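Here's the structure, in C-alpha cells; my notes come after.
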Amino acid sequence: MSSKATKATGTLIAAIACLLPLVPVALQPGFGVFASIALAAIGLVFFKSARAPTLAMVWKNRVVSILLGIAVGGGMAWGIANFVRPFVEQRFGQGISIGGLEQTAGNPAMYAFVLLIALGSAVLEEVVFRGYVIGWGAKIFGKGFAPVIMLLSTAVFGYAHMDYGMSGAIVTGFAGLVLGTLYLLCGRRLLPCIAAHMTFNFIGSTALYLAT
C-alpha cells in the first residue's frame, strides 16, 4: 500500500472514530450518552492526534474564559427560561418532562446529588460534543467544516435529551447551539463552554430546589 493510500486510510479511520460518539446517543437518547463518553475516552487513548484539539481549554486566559462562560451561561439560562422555553412549549403543546427531578424541591440531599450530576455532566458533555467531535473534527476535515460539524453535533446533542420530551430536546438543542457557537468563536477552546454549561446547569438545578 502506498504512503498516500495509507494516509487516506488513517484519515478515514480517524474520521469514523471522531464521529462515532454521536451514534449511541442518536440510537438511545438518555443512557446512550454513557456509551458516547466511553467511545470518546477510547478515542483519546488510541488517537494521539485527538488529544490536543479535544482538550484545548483556555481562550485568552483562564479568568477571561471563566468569566465569559459564566456570563454566557447566565444569559442563556435567562433567555431560555423567559423566551425559548415558553415559545417551544406553546408551539408543541407540551412542557418539558423532568421525570423525578421535582423531588429536588426543598430537599437539600437531593439537590446536592442533582447538582453534582449536573455539573459533572456539563464537563463531560462539553469534552465529547464540543471538544472531541468539533475540535478534533475540525483538525480532520478542515477548519472550514467546523460549523457543519457543530450543527451536526448540536442536533444530536438535542436529540440525546429526548427523555425530556420533544420540548426538552429542542430547548436543549438550542442550548447546544449557543455552546457550539461559543466554542467556535473562542477558537475551539473548551473552558468558556464548560463554564457556561456548568453555570446553566447550576441555575437550572437551583431553580428545581427553590421551586414550590
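These numbers come from a predicted model, not from an experiment.
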Pairwise salt bridge (charged side-chain N to carboxylate O under 4.0 Å, His left out) hits with a residue in residues 60-85, at least two apart: Arg85-Glu89
Nearest 0.5 Å please: distance from the CG atom of Leu115 over to the OH atom of Tyr209. 11.5 Å
Assigning hydrophobic clusters by single linkage (Ile, Leu, Val, Met, Phe, Trp, Tyr; side-chain heavy-atom cutoff under 4.5 Å), is Ile13 placed with Phe145? yes
Derivation of the side chain to side chain contact (heavy atoms under 4.5 Å, CB included) call for Cys186 and Leu68: CA-CA 10 Å; Cys186 290; Leu68 174 62; 3.7 Å; yes
With sequence neighbours excluded, what pairs up with Thr181 under the side chain to side chain donor-acceptor pair (under 3.5 Å) test? none
Crowded around Phe92 CZ? As in, over 12 foreign heavy atoms under 6.0 Å? yes
Provide the closest heavy-atom pair for Leu182 versus Ala196 in the form atom of the first, atom of the second, distance. CD2-CB, 4.1 Å
Below 4.5 Å, heavy atoms only, C-beta onward: do Arg189 and Ser65 meet side chain to side chain? no
Could you go through the side chain to side chain contact (heavy atoms under 4.5 Å, CB included) check for Met76 and Leu179 one step at a time? CA-CA 9 Å; Met76 185 167 63; Leu179 292 168; 4.1 Å; yes
Roughly how far, to the nearest 0.5 Å, is CD1 of Ile98 from CG of Asp163? 12.0 Å
Tell me, do Met150 and Leu177 make a side-chain contact under 4.5 Å, heavy atoms counted? yes
Nearest heavy-atom neighbours spanning Ile134 and Arg188: O-CD, 4.5 Å
Apply side chain to side chain contact (heavy atoms under 4.5 Å, CB included) to the pair Val156 and Val23, showing each step before the final yes or no. CA-CA 9 Å; Val156 176; Val23 175; over 6 Å; no
State, to 0.1 Å, how close Phe141 and Ala15 come at their nearest heavy-atom pair, and which atoms those are. CZ-CB, 3.6 Å
Over 60° means perpendicular and under 30° means parallel, so classify the ring planes of Phe157 and Phe129, tilted if in between. perpendicular
Please list, one pair per line, the donor and acceptor atoms closer than 3.5 Å that link side chains of residues 100-114 to other protein atoms, with sequence neighbours excluded.
unit_1 : atom_1 : unit_2 : atom_2 : d
Thr104 : OG1    : Leu101 : O      : 2.8
Asn107 : OD1    : Ala109 : N      : 3.3
Asn107 : OD1    : Met110 : N      : 3.1
Tyr111 : OH     : Thr206 : OG1    : 2.8

Rounding to 0.5 Å, atoms CZ (Phe87) and CD1 (Ile80) come to a distance of 14.0 Å
Minimum heavy-atom separation for Ile149 and Ala138, please, with both atom names. CD1-N, 4.0 Å
Could you measure the distance from the CD1 atom of Ile96 to the OG atom of Ser167? Nearest 0.5 Å is fine. 6.5 Å
Val25 and Tyr159: CA distance, side-chain angles, deciding distance, side chain to side chain contact (heavy atoms under 4.5 Å, CB included) verdict: CA-CA 8 Å; Val25 290; Tyr159 186 74; over 6 Å; no
What's the spacing between Asn201 CG and Ile117 CD1 if we round to 0.5 Å? 11.0 Å
On a heavy-atom basis, which atom in Tyr132 and which in Val128 lie closest, and how many Å separate them? CB-O, 3.4 Å
Write down the atom of Pro53, the atom of Gly135, and the distance for their closest heavy-atom approach. CB-O, 3.6 Å
Hey, what do you get for CG (Leu44) to CH2 (Trp136), rounding to the nearest 0.5 Å? 8.0 Å
Would you say that more than 12 heavy atoms from the other residues, nucleotides or ligands in this model lie under 6.0 Å from the CE of Met162, or not? yes
